[in-house]
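This report refers to the structure that appears directly beneath it.
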Amino acid sequence: MHGHSRTLREPTVSGTSEGTGSAADSIRSAITQRHPAVPVAPSASATPAPLSPAGAARSDYRAAFNAAHLAMAVVDRDGYVVAANTALAGLLGSEPHELAHQCAADLVDLASEARTWAAYQEVLRGRQARLRCTRRLKHPDGHSLWTEVTLGPVPGTGDVLLSVADISDRRDLQARLRHLQMHDPVTRLPNRALFFERLSAALEASSYEQHGGGTGRIGLCYLDLDGFKAVNDTLGHRVGDRLLAAVAARLTQCADQSGYGRTGGHLVARLGGDEFALLVEDSTGTDQLAELARSVLAAVQEPFDLAGQRLSVSASIGVVERAAAGTSATGLMQAADTTLYWAKADGKARWTLFDPERNAHRMTRQALSSTLRPAVEQGEFELEYQPLVDLESGVVRGVEALVRWNHPQFGTLTPNRFIGIAEEDGSIVQLGQWVLRTACRQARRWQIEQPSDSPVFVSVNVAVRQVWDSDLVGDVAEILAETGLAPQLLQLELTESAVMGSAGRPLQALQALSDMGVRIAIDDFGTGYSNLAYLSRLPVSVLKLDGSFVRGFRYEEGTHPNPADETIVEALVQLAHRLGLTVTAECVETAGQAARLRRVGCDTGQGWLYSRAVPPERIAEMIGSRPGVGDAR
């Protein structure tokens, strides 16, 4: 089987000849003078005339030309065949004399491609030494063959020697090798290399212009088997390979049934491991991709019978559909990979559609993560402080330090935007040390500038990872000694879930800090474990009630406070007081809330009723005074 219609013409133009060229060169050097025509073969009835030595030599050269296995022809400067040998005639399914005076370019298809045609003209004019190109020729009996065409000047004449070598076998071998190279041996699907080649071609704008009527859109389902590693580990790689092949067959069937089959090239590919991709060219929208994803998910979840083994697996699929214009193969695959990760994170055995807003959030999160550590060193963080007010007297008793990130790209960021990231990547230790040192230094400065019998304390949030990944006790002791702040003026806040689960090193650290005189507060109390029995064993001095309780105290249009909330808060306050703890209520926004909290015995309040978080100089103005309702809002 010769040739492949998909690559009908693939010209290769070169200034030198290789392989067939050496044989052609020997003929070129032999034909050194102009002649009307080289006899094809001596007539049987003709009586040979005596030849001179030079004539005999020319006759030998002509005999060699005719007998050569390499297909050749002499072409004049106008591009017409002067003489052709038997090999060329046989290659083209003709007789040598029938080829004489024919246009050489037509015989070997040199005019079908502009670059090759221009180079051929240059050779005929003597301005280019040699031309070599690959051409697919049609034999009169119907079969096609791939040939390598070489042209070069005949020395001493104005003629050109044309040689044509049949390279069909070589092309077939190359095609088979390429198929092996570009296909997965386990599933027989296109591999990653061929998939990206196909994807890149599909994204070219010209591919849509040529076909007219296309949608100009592209879709991709990126699939990963859930728990495939367990199959390999428990049943062996042979069963794993059989499962992959069976999955590939089902994916191909889904693609064919959905009408997105292999027309124009492969659609389903194995990208490696247990990852597969289904490419949809000229997609009609997300509904089409969603339908395909649902059918694939259902097909994969059907049990597999593999050589006596009955296996059930599931898959997670990331789905992307968008306009082809402006989309790169890399960008499309990144979006698909991200969406596949979402499908895994959301519980597996599902398909998820790419969400630009969710992706933008992920990209922002990644950008923050990569710049968080350097930001501490570059001084991009600052502290603001929110007052903690005595509910009975209205005097500021303390402040909570709240960190802000003045990001050069995203502006001022509140802790909820970056603290979680800092805890994940460990930079919370470095950031936490900076916050602790800065807050203690500021509290000591207030104490020096405004001495009183009751200086304000500063409350600093601490992540449980700071206890595990650093010497928190040593850091606190060093910072207190460095700043001169009394331990009783420092309060460390940990979330309820972190404190209630403390054991071992965290519990020892909290106990050491408490023994040092530092206050320990449980933040957002009432939303986590609420293990009251465990509470009595912890070195805690303050409970901070979560704002959800306080919001239940608020009168709103057409509603009344929930009496259950007041009962719960009153019970918690009484319990805390019996344990020797003080209680701070968060999110106090109205005077009514403050009055009700004061009535049930709550000690201090924090919220917008008194002030939002403000710079340290504003806190200095509040110290020793009663903050006005809504102050610094």
Side-chain angles (χ1 to χ4, degrees), residues 1-24 68-75 79-81 84-96 98-100 102-124 128 130-152 160-183 190 193-194 197-198 200-202 204 206-207 210-211 262-266:
M1 178 176 172
H2 299 292
H4 302 277
S5 60
R6 194 166 61 182
T7 51
L8 180 58
R9 298 186 179 93
E10 299 180 3
T12 303
V13 181
S14 173
T16 60
S17 176
E18 298 177 5
T20 58
S22 58
H69 292 292
L70 178 64
M72 292 182 289
V74 177
V75 181
Y80 293 98
V81 174
N85 69 354
T86 306
L88 179 62
L91 193 69
L92 299 178
S94 182
E95 293 295 331
E98 295 175 348
L99 300 179
Q102 290 198 37
C103 178
D106 293 342
L107 294 177
V108 290
D109 193 29
L110 296 178
S112 60
E113 200 270 327
R115 182 174 171 226
T116 302
W117 174 253
Y120 172 58
Q121 294 298 314
E122 293 297 291
V123 172
L124 292 180
Q128 180 173 315
R130 198 157 298 179
L131 165 66
R132 187 178 70 239
C133 61
T134 302
R135 278 291 176 270
R136 188 166 182 260
L137 304 181
K138 189 82 169 180
H139 194 276
D141 67 5
H143 79 269
S144 298
L145 64 153
W146 282 98
T147 63
E148 185 177 73
V149 178
T150 306
L151 294 107
V160 172
L161 182 66
L162 167 72
S163 62
V164 183
D166 186 350
I167 60 170
S168 298
D169 291 341
R170 188 171 77 193
R171 293 281 298 203
D172 287 344
L173 177 60
Q174 290 174 344
R176 287 195 295 271
L177 292 176
R178 173 177 166 78
H179 183 86
L180 292 174
Q181 180 185 12
M182 306 297 270
H183 286 75
L194 183 54
E197 183 180 289
R198 173 89 168 115
S200 298
E204 291 179 2
S206 59
S207 65
Q210 289 172 359
H211 292 91
R262 300 168 180 263
T263 57
H266 295 287

Go through the steps to decide whether V81 and C103 satisfy the test side-chain contact (heavy atoms from CB on, under 4.5 Å), and finish with yes or no. CA-CA 6 Å; V81 174; C103 178; over 6 Å; no
Output yes when a side-chain donor or acceptor of [X] lies under 3.5 Å from a complementary backbone atom of [Y], and no otherwise.
X: T147; Y: R135; value: yes
X: N85; Y: A71; value: no
X: T134; Y: E148; value: no
X: H179; Y: A175; value: no
X: D141; Y: H143; value: yes

If you round to the nearest 0.5 Å, how far is [atom2] of [Y] from [atom1] of [X]?
X: L145; Y: R136; atom1: CG; atom2: CZ; value: 9.0 Å
X: L107; Y: L137; atom1: CG; atom2: CG; value: 9.0 Å
X: Q121; Y: T116; atom1: CD; atom2: OG1; value: 12.0 Å
X: L70; Y: S163; atom1: CG; atom2: OG; value: 5.0 Å
X: R115; Y: L131; atom1: CZ; atom2: CG; value: 9.5 Å
X: E122; Y: W117; atom1: CD; atom2: CH2; value: 12.0 Å

Walk me through it: do L110 and L151 pass the test side-chain contact (heavy atoms from CB on, under 4.5 Å)? CA-CA 11 Å; L110 296 178; L151 294 107; 4.1 Å; yes
Run the side-chain contact (heavy atoms from CB on, under 4.5 Å) test on R130 and V123 for me, step by step, so that the C-alpha distance in whole Å, both residues' side-chain angles and the decisive distance to 0.1 Å come before the verdict. CA-CA 6 Å; R130 198 157 298 179; V123 172; 6.0 Å; no
Shortest non-hydrogen contact from [X] to [Y]?
X: P140; Y: G93; answer: CG-O, 3.9 Å
X: A89; Y: P96; answer: CB-N, 3.5 Å
X: Y120; Y: A104; answer: OH-CB, 3.8 Å
X: A87; Y: H69; answer: CB-O, 3.5 Å

Residues in salt bridge (charged side-chain N to carboxylate O under 4.0 Å, His left out) with E95, at least two apart?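 None.
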Chi angles and distances behind the side-chain contact (heavy atoms from CB on, under 4.5 Å) call for Q102, L99: CA-CA 6 Å; Q102 290 198 37; L99 300 179; 4.2 Å; yes
Might you work through the salt bridge (Lys or Arg N to Asp or Glu O under 4.0 Å) test for E197 and R178, ending with a clear yes or no? CA-CA 13 Å; E197 183 180 289; R178 173 177 166 78; 2.4 Å; yes
With respect to V74, which candidate in V160, L161, L162 satisfies the side chain to side chain contact (heavy atoms under 4.5 Å, CB included) definition?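 Passing option: L161.
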